[in-house]
Each structure stands twice: as C-alpha cells, then as structure tokens.
Amino acid sequence: MSLPIAVLISGGGSNLQSIIEKMEDNILDVDIRMVLSNKADAYGLKRAEAYGIPTSVLNHKDFGSREEFDAEMVRVLKEAGVEAVVMAGFMRIITPVFLNAFPGKIINIHPAILPSFPGVDGQSEAAEYGVQLAGCTVHFVNEKMDNGAVIIQAAVPAYPGEKEDDLRERILKQEHRILPQAIQWLAKERLTIENRFVKLAEADVAAAERDVFSLVNPPLEKGF
Ligand code: GAR
C-alpha cells in the first residue's frame with residue numbers, strides 16, 4: 001500500500017512538482033492525500049489541482065496561537081487519512097501539537113547544508129558568507145527549527161560574484177532529487193534514527209566507494 005502523505009507548502013511548489021513527477025514515473029510509492037498551504041495565493045496549489053490532488057488553505061493569521069493553527073492542520077490532515085507529512089517550502093514553525101500527531105513521520109527540506117544557515121533564507125546567507133560549497137538537507141522535524149536528524153544532503157559549488165538566483169537554482173535542482181528520494185525511503189520504512197544519526201537500511205554504498213566520494217570546489221589542480 002502507498003504511504004498516505006500530506007505536502008505542506010507556502011509558495012511556488014516546485015518541490016511538490018518534483019514529488020508528483022516521481023510518482024508519475026512510478027518510482028515514488030506515496031499517495032498525496034492533501035496539499036495544504038498557509039497562503040491562499042501559493043502557486044503550488046495550482047500545481048496540485050492540475051493533478052486532481054485535494055488542497056486546503058489555512059491562513060495562520062486566522063488563528064489565535066501557533067497551537068490552534070497546528071490543531072486545525074492536524075484535524076484536516078487526519079480527516080484526509082494522512083500518515084506522514086512532507087514540509088516542502090512550508091514557512092511556518094510547528095509546535096508539539098503537530099509533531100505529536102505524526103511522530104517520526106514529518107520531514108522537511110531546507111536549502112542549506114545544516115546545521116549551517118538554518119532559518120528563512122539559507123541560500124542568501126550561504127552566498128553572503130562566501131562558502132565554496134552550498135547545498136540542501138532533508139531532515140526529520142523535531143521541536144527545534146531546522147534541527148532534526150539528517151536523512152540526506154546534497155552539496156553544490158558556489159561561485160564568487162555569481163547572481164544569488166543562480167546559486168538558488170543550483171540548490172533547488174538538488175532539492176528536487178533528494179526530497180523524493182527521502183520520501184521513498186520513509187515510505188518503505190528504511191529509515192531509523194540512532195543517536196541523531198539516520199541509518200538507511202539496505203544502503204547501496206560499496207565499501208570501496210566510501211572513502212573516495214567527495215565534492216571539492218574550486219577543483220583541485222593536477223598533482224593535489
Ligand atoms: C525551497 O528552496 C525550500 O528548500 C525552501 O523554500 C523553497 C520552496 O520552494 N524552504 C525553506 O527555506 C524552509 N526553511 P518551492 O515552493 O518551489 O518548493
């Protein structure tokens with residue numbers, strides 16, 4: 001049976017699109033029961049509608065507290081039969097009310113290599129800092145912002161003086177790869193957390209490959 005999930009968004013929904021496309025390719029075994037946005041004008045809602053996926057809008061400003069907002073999200077998602085939650089560009093901090101409703105089943109995509117650059121604009125902060133490698137992270141969600149156990153990360157090069165949008169786009173391309181992959185691992189119950197370390201069952205990394213993997217930027221020159 002496919003895992004019944006919700007995707008939470010606040011904006012464009014390109015990550016949502018990447019999930020839908022992997023479902024269409026039959027390599028991602030989930031059923032999106034609900035796309036929920038806290039913004040009525042989020043373009044991601046249109047993407048969902050185009051595929052006949054149910055949508056729901058809850059404006060956080062209509063609620064007296066974070067907890068009340070979360071309780072309503074839980075009600076809507078439970079009613080739709082949701083068992084796991086993917087935060088894909090959802091720009092709200094959730095409370096234990098939400099966390100406790102889906103224990104161990106909430107994941108988030110963040111556009112930086114955590115724990116560097118948590119918060120709302122990881123890409124700009126990485127560019128301003130002058131990192132040579134930037135990237136993205138999919139992690140389990142816990143009670144602290146951008147702090148839960150890390151499932152998968154991708155690194156990309158950053159170039160001095162480049163337009164911030166170019167870096168953003170380079171990171172986003174990798175988000176579209178690692179988020180659907182992480183969801184599939186979750187759906188197949190291949191992830192366990194041991195002391196913050198996420199173990200992937202049946203991981204296919206040959207022992208010989210473990211020590212040679214690296215992304216170096218700028219590239220090393222001959223002889224180094
Ligand atoms: C993505 O870059 C995602 O990593 C980021 O918002 C963007 C949403 O794009 N999320 C955060 O910054 C969370 N702190 P999308 O709506 O096109 O998927």
Side-chain angles (χ1 to χ4, degrees), residues 5-24 28 30 32 34-51 53 55-60 66 69-70 73 85-95 98-99 106-129 131 133-158 162-184 186:
I5 67 167
V7 182
L8 271 44
I9 62 167
S10 297
S14 70
N15 276 291
L16 166 66
Q17 184 77 37
S18 74
I19 298 167
I20 294 171
E21 283 170 12
K22 291 288 183 267
M23 290 167 61
E24 300 262 297
L28 177 49
V30 293
I32 305 180
M34 182 67 67
V35 169
L36 187 151
S37 173
N38 65 319
K39 300 254 166 106
D41 61 354
Y43 181 67
L45 291 168
K46 295 214 163 45
R47 295 184 194 265
E49 283 158 15
Y51 289 88
I53 298 170
T55 60
S56 175
V57 175
L58 291 178
N59 185 343
H60 56 278
R66 286 187 190 277
F69 174 62
D70 282 5
M73 284 205 294
V85 177
V86 176
M87 294 169 53
F90 184 64
M91 299 309 225
R92 300 294 304 163
I93 292 170
I94 58 165
T95 69
F98 194 80
L99 269 176
I106 308 175
I107 68 174
N108 178 50
I109 176 94
H110 181 74
I113 308 247
L114 291 172
S116 295
F117 314 118
V120 287
D121 204 356
Q123 304 99 323
S124 316
E125 285 182 27
E128 269 162 39
Y129 188 92
V131 294
L133 292 173
C136 46
T137 303
V138 180
H139 63 92
F140 282 107
V141 175
N142 67 8
E143 64 291 343
K144 296 189 199 145
M145 189 183 64
D146 298 332
N147 176 265
V150 171
I151 299 169
I152 183 171
Q153 298 183 300
V156 300
E162 73 175 330
K163 285 205 292 302
E164 204 184 290
D165 276 355
D166 291 347
L167 178 60
R168 199 174 283 278
E169 199 50 44
R170 196 177 301 122
I171 294 171
L172 198 56
K173 262 194 195 153
Q174 299 306 317
E175 294 185 36
H176 297 163
R177 302 176 70 200
I178 67 172
L179 182 58
Q181 171 69 88
I183 297 169
Q184 177 66 0
L186 183 73

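Heavy atoms only: backbone and side chains are in, while hydrogens, waters and symmetry mates are out. Whatever order the structure lists them in is the order used to number ligands and atoms, beginning at 1.
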Provide, to 0.1 Å, the distance between [atom] and the closest protein heavy atom, together with that atom's residue and name.
| atom | answer |
| --- | --- |
| atom 13 (C) of ligand 1 | M91 SD, 3.7 Å |
| atom 16 (O) of ligand 1 | G13 N, 2.7 Å |
| atom 4 (O) of ligand 1 | E175 OE1, 2.7 Å |
| atom 9 (O) of ligand 1 | N15 ND2, 4.0 Å |
| atom 7 (C) of ligand 1 | G89 CA, 4.2 Å |

Residue from Q17, E21, E24 passing side chain to side chain donor-acceptor pair (under 3.5 Å) with Y51: Q17
Contact with ligand 1 for C136, non-hydrogen, under 4.0 angstrom: no
Contact with ligand 1 for L172, non-hydrogen, under 4.0 angstrom: yes
For the pair [X] (side chain) and [Y] (backbone), establish whether a donor and an acceptor sit closer than 3.5 Å, ignoring hydrogens and angles.
| X | Y | value |
| --- | --- | --- |
| D70 | I94 | no |
| R66 | T95 | no |
| S37 | V57 | no |
| R168 | Q123 | no |

Reported CD-to-OG distance for the pair E169 and S14, which is rounded to 0.5 angstrom: 8.0 Å
Ring geometry between F90 and F69 (parallel below 30°, tilted from 30 to 60°, perpendicular above 60°): parallel
Partners passing ring-ring contact (aromatic ring centres under 6.0 Å, His included) against F98 (at least two apart in sequence or in another chain): F102
Part of N108 within contact of ligand 1 (heavy atoms, under 4.0 Å): neither
Residue portion contacting ligand 1 (non-hydrogen atoms closer than 4.0 Å) for Q123: side chain
Numbered atoms and elements of ligand 1 in range of G119, under 4.0 angstrom, heavy atoms: 14 (N)
From S14, G122, P118 - option closest to atom 17 (O) of ligand 1 by heavy atom: S14
